Amino acid sequence: MKNQIYIETYGCQMNTYDSDLVQSILINHGFQMVDSPNQASVALLNTCSIRENANNKVLNRVHEIKRVSSDIKIGILGCMATNFKTELLDNKRLNIDLIAGPDSYQALPSLINDAIDAQIQEKPFDVTLSEFETYESIYPAQKDGANAWVAIMRGCNNFCTFCVVPYTRGRERSRSISSILDEVKLLEDQGFKQVTLLGQNVNSYRFGNDTFIDLLDQISSKTSIKRIRFTSPHPKDFPIELLQLINDRPNICKQIHVPLQSGNDRILKKMNRSYTQVEFLSLIDTIKSTIPTVALSTDIIVGFPTETHDEFLDTKHVCETVMFDHAFIFKYSERPNTRAALKFPDDVSADDKTERIMALIEMQKSHSKIKNSQWVHQKQDILIERIDDHQLVGRNDANVLVYCPKSNDLIQVGDLVPCMIQSATPHGLKACVHQQ
Ligand code: SF4
């Protein structure tokens, strides 16, 4: 039981990827992964600091695990580890046994051994932020489902004032194209038809003279992966050549996430987003004219400190103008240790935030319905993600969820299945398998 490790993941896709990476590192060092904390000597919680309820969830979970299994050692990994190292180590009630930040996973085998070793009194931790660690040649241990995630860069240099990532994950650094290509080819051999390139600031990818365009070009031309996606990009890094490449290559999905955050120039400046409303709308025009079939999604924060109703209306105006296919809309909430939390009081009332988010959600529903309706009566290839009893669930190239009655038992998760789209809702599409 000494070498048995349980890992639980919270937060973003990068954390899920990192948990697979951690498993790979631990298995290579002779540890065994188990499915429940009851079977483990060490439980690792790979955490997120983006939203407050993510922190609370983790703290509650630590108590829960300790209640059920009092001898177990608990390790905190991920963004909370870097963001709250001292608080976590000093908290006697939590009694955390080890801490490792996102750049310290290669040190985990020895941190775990130190935590288990009764002779060592001091609690082991490593939250050093590296300028170089990219886990270049370590490939994540387990992959299943229809999509494989591939981290191509880590960290962020943008310092948006509401975001903790530059402090918890450090500065930008990228993997070499050759190591990424090797990983994608391995995934191709395992049968994956889709990869999603992952990074906190994915289109800022740079390795020597190689740019994100070079990387996409090579994955698109040197592998037979059918669908290539990427997330999450920053609006400042969309040169026209990148858009042309996306339009020209059938295996690069015509779906782009362009995080708006706010449509008001004063708020954008306070957020340190480095573009204005006019610049954002001009980028959208360029994207739409270069990739006529593009599907666009976005992230929006309502109620950022000092945002007035009129300034919120600027955000609404941008949404009306762009008509995003999909939007992730959040109420602003203060995140400890961000510049916004330190400098700007969270002064927009809860009621105002609720009113603003409801207005945007309602509008987005009608936009999503209109945008989804454009696919009706079209034949599209659907990548199957899940098979329920009587239903196939997958996504089209635009990343819209598609529901389709199961027509036979031969179709598997990960298959690309030609379907005829029959109807649309704000949340997805209904289709039937297209009989050739
Ligand atoms: S670009 Fe993204 S990851 Fe970087 S600071 Fe801004 S919100 Fe955070």
Side-chain angles (χ1 to χ4, degrees), residues 10-18 46-52 54-55 78-83 101-103 129-131 133-134 149 151-175 196-206 211-212 229-239 242 256-265 267-277 279-280 283 296-305 307 315 318 324 327-344 346:
Y10 297 81
C12 67
Q13 200 49 57
M14 187 59 108
N15 261 12
T16 306
Y17 184 88
D18 279 355
N46 191 6
T47 63
C48 165
S49 260
I50 294 291
R51 265 173 277 287
E52 195 166 16
N55 287 353
C79 289
M80 266 178 82
T82 338
N83 207 13
D103 291 344
L129 288 178
S130 162
E131 285 181 32
E133 181 61 273
T134 59
W149 301 87
I152 62 162
M153 57 86 67
R154 303 174 79 86
C156 179
N157 295 347
N158 290 326
F159 290 92
C160 301
T161 56
F162 54 81
C163 181
V164 80
V165 162
Y167 307 100
T168 58
R169 288 188 169 265
R171 298 298 88 78
E172 289 169 11
R173 61 259 131 114
S174 301
R175 290 170 62 189
T196 303
L197 308 180
L198 200 57
Q200 265 88 33
N201 209 13
V202 73
N203 52 341
S204 297
Y205 172 90
R206 184 133 206 139
T211 64
F212 188 57
R229 299 187 191 277
F230 56 90
T231 196
S232 200
H234 192 289
K236 73 181 171 57
D237 290 316
F238 276 111
L242 173 59
I256 302 184
H257 185 70
V258 202
L260 167 66
Q261 308 300 5
S262 167
N264 175 267
D265 289 351
I267 296 295
L268 284 168
K269 200 157 183 226
K270 266 180 111 68
M271 289 175 161
N272 195 31
R273 286 296 288 176
S274 75
Y275 50 85
T276 62
Q277 181 197 95
E279 286 164 348
F280 186 90
L283 169 65
L296 294 169
S297 58
T298 197
D299 294 325
I300 294 168
I301 298 172
V302 297
F304 190 78
E307 182 190 69
T315 304
V318 175
F324 293 104
F328 301 91
I329 309 166
F330 304 97
K331 293 182 196 173
Y332 174 77
S333 76
E334 212 169 66
R335 301 311 309 120
N337 303 329
T338 56
R339 268 167 60 205
L342 298 172
K343 285 173 68 180
F344 313 135
D346 183 7

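Order of appearance sets the numbers: ligands from 1, and atoms from 1 within every ligand. Keep in mind the model is a prediction, meaning the values are calculated, not measured.
Taking the salt bridge (charged side-chain N to carboxylate O under 4.0 Å, His left out) definition, one finds that Arg173 meets it with Asp103, sequence neighbours left out.
When non-hydrogen atoms are compared, ligand 1 lies under 4.0 Å from neither the backbone nor the side chain of Lys236.
When each of Asn337, Thr47, Thr168 is checked for a side chain to side chain donor-acceptor pair (under 3.5 Å) with Asn83, only Asn337 meets the rule. In summary, of the residues considered (Ile267, Asp299, Thr298), a side-chain contact (heavy atoms from CB on, under 4.5 Å) with Gln261 occurs for Asp299 alone.
Under the 3.5 Å distance criterion, with hydrogens and angles disregarded, a donor-acceptor pair is assigned to the side chains of His257 and Ser297. For the residue pair Thr276 / Asp265, no side-chain donor-acceptor distance below 3.5 Å is found, with atom types taken as modelled.
Between Arg273 and ligand 1 there is a heavy-atom distance shorter than 4.0 Å.
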Query raised in the report: Can you list the steps and then say if Arg154 with Asp18 is a salt bridge (charged side-chain N to carboxylate O under 4.0 Å, His left out)?
Result: CA-CA 11 Å; Arg154 303 174 79 86; Asp18 279 355; 2.9 Å; yes

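Around atom 4 (Fe) of ligand 1, the protein N, O or S atoms found under 2.8 Å comprise Cys156 SG.
Between atom CG of residue Asn201 and atom CZ of residue Phe212 there is a gap of 10.5 Å, rounded to the nearest 0.5 Å.
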